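See below for the structure under consideration.
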Amino acid sequence: MRILLLTVSDLWKPRGGSPMYCYNRWRRIAKRHQITALLIDVDPSEADPGIDPPENWCEKVYTIPDRPASFFGRLERKIRRSMPWKSREMGWWMNRDVVPLLRQLLDEGNFDMLHVEAFMMWWPVPNRVNLPISFTATDIVSRFADNNPQPGDNWLNRLFANQRHKQLAQLEPINWRRASLITTVTTIERDEIAKVVPNIPVEVIQNGVDLNYFSRSDEPVADPPELCFTGMMSYRPNIDAMEYFCGEILPLIRKEVRDVRVTIVGKDPSREVLDLAQMPAVEVTGSVPDVRPYLRRSTVVIAPVRLGAGMRNKHLEAMAMAKPVVATTFCVEGTMCTNEKDILLGDDAQSFAAYTIRLLTDPTYRKQIAEAGYELVQRDYKWDASANKMADLLEDCFARYRKTK
């Protein structure tokens, strides 16, 4: 099949989240089908070392620049990216060059299917498309809003956030009904969507881990012991996780393990995150070319995430490197992790601290949890299986669509 793919812009630097799973999944699907990718060129840069750029596995890649040179162009971009009544990322896809190019490709491209990779990418899709449309709901945007309060915002921001939540909750079902196939990453999203659109196939395809990239190492851990957190540090759930950890959990740990250090690894740290570096034993790295050296030297990887939606991969990547992980139950929802078997789950500051202290002070138990987590990821989280299931579903969707024509 020839598939037109609306996808994320970071396929050259797939360091986590949507870029990571898009890169790993679609690069493998491209071995079975011809892919044409359309994306917004938000932050152009060279590919990370070891990354197979999309030009190598796509039939064609169309990038729409979003870097206007004129004052009015920059003003227009700033307005649409910050529109408080829209999803922030939707502003990228409101670029005025997107709609005509997409219409041209749909009219002239002779495609068999259109795939929309995320909610905000529905914006430029015409109301009438003479192709089956598949859609990946990595999370439910309205559910994300429920789980992503902005306690520090002023009353005006909270007002806009509430308005945005209401509008997104109305928009989502409209877009779901336009799809011929919907895939999610957890059963939670699947069940929520299936209630609204019972006549549309909704399937779960779990994320995976690049087991060649995130591989175990015999490199010694840091001395003194080190805790590591990875993620985009401008992302509200990650900001909240580190404020919560450093403010409520770390003091409890340091009472028992006084020399423990914390390293927060991820690009675009917010002001709140940068301020955490003023605390004793806390380091904020900012953007790094490779998170693996920080994971390798860590004694324990932490994931105290309380906000957001969808499936998170940070704990799976650490487990693939045979690192013991302490996380919240919320962080691992949708995965096959089992508390006190392959991961430790603490949902309040006291239990999270107690689990972390035990791993820091008991090398035998630390190795036991790390090995069990490593075996789980090796067995159940291979990207090849995820990509092959997606390709099979796309083929079935296309076959059903042809029968109706």
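Quantities reported herein were computed from a predicted structural model and do not represent experimental measurements.
Using a distance-only test at 3.5 Å, with no hydrogens or angles considered, no donor-acceptor pair links the side chain of Arg297 to the main chain of Pro293. A donor-acceptor pair is defined here as one N or O able to donate and one able to accept, closer than 3.5 Å; such a pair exists between the side chain of Asp342 and the backbone of Thr338. Using modelled atom types, no side-chain atom of Asn238 and backbone atom of Gly231 make a donor-acceptor pair closer than 3.5 Å. Although no hydrogens or angles enter the test, the distance criterion places no donor-acceptor pair under 3.5 Å between the side chain of Tyr21 and the main chain of Trp26. A distance-only check finds a donor-acceptor pair linking the side chain of Trp57 to the backbone of Asp52 [under 3.5 Å].
Legend: residues meeting side chain to side chain contact (heavy atoms under 4.5 Å, CB included) with Pro363, ordered by chain and number and at least two apart, are Arg366. Asp392 pairs by the salt bridge (Lys or Arg N to Asp or Glu O under 4.0 Å) definition with Arg32, not counting sequence neighbours. Annotation: side-chain hydrogen bond (donor to acceptor under 3.5 Å, both in side chains) contacts of Asp362 (sequence neighbours excluded): none.
Within the 4.5 Å cutoff, the side chain of Ile3 has no heavy atoms near those of the Gln34 side chain. Within the 4.5 Å cutoff, side-chain heavy atoms of Arg103 are placed close to those of Pro126.
With Tyr62 as the aromatic partner, Lys60 meets the cation-pi criteria of under 6.0 angstrom to the ring centre and within 45 degrees of the ring axis. Figure legend: cation-pi geometry between Arg178 and Phe135 absent, as NZ or CZ is not positioned both under 6.0 Å from the six-membered ring centre and within 45° of its axis. Judged by a 6.0 Å distance limit and a 45° cone about the ring axis, Arg2 is positioned over the six-membered ring of Phe111.
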Starting from the C-alpha separation in whole Å, work towards a yes-or-no answer on salt bridge (Lys or Arg N to Asp or Glu O under 4.0 Å) for Glu371 and Lys323.
CA-CA 8 Å; Glu371 289 297 327; Lys323 289 296 176 178; over 6 Å; no

Lys382 vs Asp384, test: salt bridge (Lys or Arg N to Asp or Glu O under 4.0 Å). Steps then yes/no.
CA-CA 5 Å; Lys382 293 183 173 67; Asp384 286 341; over 6 Å; no

Is there a salt bridge (Lys or Arg N to Asp or Glu O under 4.0 Å) between Glu272 and Arg236 once you walk through the steps?
CA-CA 10 Å; Glu272 300 99 316; Arg236 172 53 60 180; 3.3 Å; yes

Could you please spell out the steps behind the side-chain hydrogen bond (donor to acceptor under 3.5 Å, both in side chains) verdict for Thr136 and Thr183?
CA-CA 5 Å; Thr136 297; Thr183 57; 3.1 Å; yes

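No hydrogens or angles considered: a donor-acceptor pair under 3.5 Å links the side chains of Glu226 and Thr263. Counting only N and O atoms by type, the side chains of Glu55 and Trp12 include a donor and acceptor under 3.5 Å apart. Using a 3.5 Å distance cut-off with no hydrogens or angles, the side chains of Thr329 and Asp347 do pair a donor with an acceptor. Checking Glu317 against His315 by side-chain atom types alone, no donor-acceptor pair falls below 3.5 Å. In the model, Tyr355 has a side-chain atom that pairs as donor or acceptor with a side-chain atom of Glu340 under 3.5 Å.
In Met232, the CE atom is not crowded: 12 or fewer heavy atoms of neighbouring residues, nucleotides or ligands sit closer than 6.0 Å. Residue Asp107 qualifies as enclosed at atom CG: its count of foreign heavy atoms under 6.0 Å is above 12.
Arg271 and Asp275 are joined by a salt bridge, as a carboxylate oxygen and a charged side-chain nitrogen come within less than 4.0 angstrom of each other.
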